[in-house]
There are 2 protein chains.
Amino acid sequence: MSLDKIDKEILNFLQDDAKITTKALSNHLQLSLTAIHERIKKMERNGVIKKYVALVNPQKAEKDFKVLCHVKLILHKKQNIQKFEREIAKLDEVLECMHVSGDYDYILKVQVKDMLSYREFVLHKLTTIEPVGSTQSTFIIDDVKHSTRLKF
Amino acid sequence: MSLDKIDKEILNFLQDDAKITTKALSNHLQLSLTAIHERIKKMERNGVIKKYVALVNPQKAEKDFKVLCHVKLILHKKQNIQKFEREIAKLDEVLECMHVSGDYDYILKVQVKDMLSYREFVLHKLTTIEPVGSTQSTFIIDDVKHSTRLKF
DNA sequence: GCTGAAAAGCGAGTGGG
DNA sequence: CCCACTCGCTTTTCAGC
């Protein structure tokens, strides 16, 4: 589907505030309520808008220890890859799992309470996944910027 | 502030669906409308809930080329660090900027349309930031998991 | 901190231009 | 694409426990 300029502006607003009213949008974009409403519904149906979520502040919720964990698999067989990706998806501590080019196969962004919890995670969860070969941890000193927004 | 069990359950729901009604929550958690409502408002005031946002599907919005860009600064002086972080915050292509331990100073998650746009980004935006020394790009083959949710 | 009920505001759908 | 109008639901507030 193709997004025109107005669609993109709507997305810019909704990515900042899921609860903005259609009325406010219609003021900002000089368009009628109905038009805005239909465009939003269409983008929801098409999957352009995936979902609406609340973002929680990790500092205020005991989840402020963040690590980038580099993972190598033992063997690059299809079954291994699938198994790893399936198991990783189940782990709540893993917010992101990226299959990457370069020295490692995957980079995980892991978010837990503290160093101790991280150790628990690596020992009892991550390294018990069979295809995992080696891992290497890069600690995040500061999350300078963290956005969920694609700017159009 | 401390979050009790009910608060945490509310957060689990809201992180999946910002638009869930207080009524639905009151059913799930066996609590009155007003009680749920007050807990949510309190967490919003305290900043436990940062904001409500719409998540856009990058595949359907021409932003499906993702790169982890490792950055070294030329000199680790306070001014350099501050300047870099200030400039990076302005770049819409950079969704995440993490100050990390290890061989590099920062890891950026950059999200653009395609390889050409990425090249433009590196040449005309990233490397024109003064304190940037060297950069190294790790391409994301597949975003296996991408979550905004902290599980309680 | 909880409940229940009443008031105000918004979303979703309709008919028509 | 816009306007005007409903209806029903959700949010918000208020009294009282």
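Proteins come first, then strands; the chains are lettered A, B, ... in the order of their sequence lines, and each starts at number 1.
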Whole-Å distance, K19(B) NZ to dT11(D) P, equals 11 Å

Looking only at dT3(C), dC2(D), dT12(D), the nucleotide nearest the A35(A) side chain is dC2(D)

- Task: With heavy atoms under 4.0 Å as the rule, sort L31(B) into base, sugar-phosphate or nothing.
- Result: sugar-phosphate

Should E96(A) and K109(B) count as an ion pair when the cut-off is N to O under 4.0 Å?
yes

Exercise. What is the nucleic acid contact for T34(B), judged by heavy atoms within less than 4.0 Å: base, sugar-phosphate only, or nothing?
Worked result: base

From CD1 of I36(A) across to C1' of dC1(D) the rounded distance in Å is 11 Å

Writing each nucleotide of DNA chain D 5' to 3' as (, ), [, ], | or . by Watson-Crick or G-U pairing under 3.5 Å yields ||||||.|||.||||||

Rounded to whole Å, the CD1-P distance (I20(A) to dC10(C)) equals 12 Å

Here the pair of heavy atoms bringing L33(A) nearest to K23(A) is CD2-N, 3.6 Å

I40(B) CD1 to dC2(C) P, in whole Å, measures 12 Å

By salt bridge (charged side-chain N to carboxylate O under 4.0 Å, His left out), K83(A) pairs with (sequence neighbours left out) E130(A)

Look at T22(B) and dT11(D) and indicate whether a side-chain polar atom (N or O) is within less than 4.0 Å of OP1 or OP2.
yes

Quick check on dG11(C): is either OP1 or OP2 less than 4.0 Å from any side-chain nitrogen or oxygen of H37(A)? no

Whole-Å distance, N27(B) CG to dT3(C) C1', equals 15 Å

Ion pair present between D7(A) and R39(A), side-chain N to carboxylate O less than 4.0 angstrom? yes

Next item on the list: Indicate, with yes or no, if the rings of H70(A) and Y106(A) have centres closer together than 6.0 Å.
Entry: no

- Are K41(B) and dT12(D) close enough that a side-chain N or O sits under 4.0 Å from OP1 or OP2? yes

Could you tell me whether K41(A) and E38(A) make a salt bridge, using a distance below 4.0 angstrom between a side-chain N and a carboxylate O? no

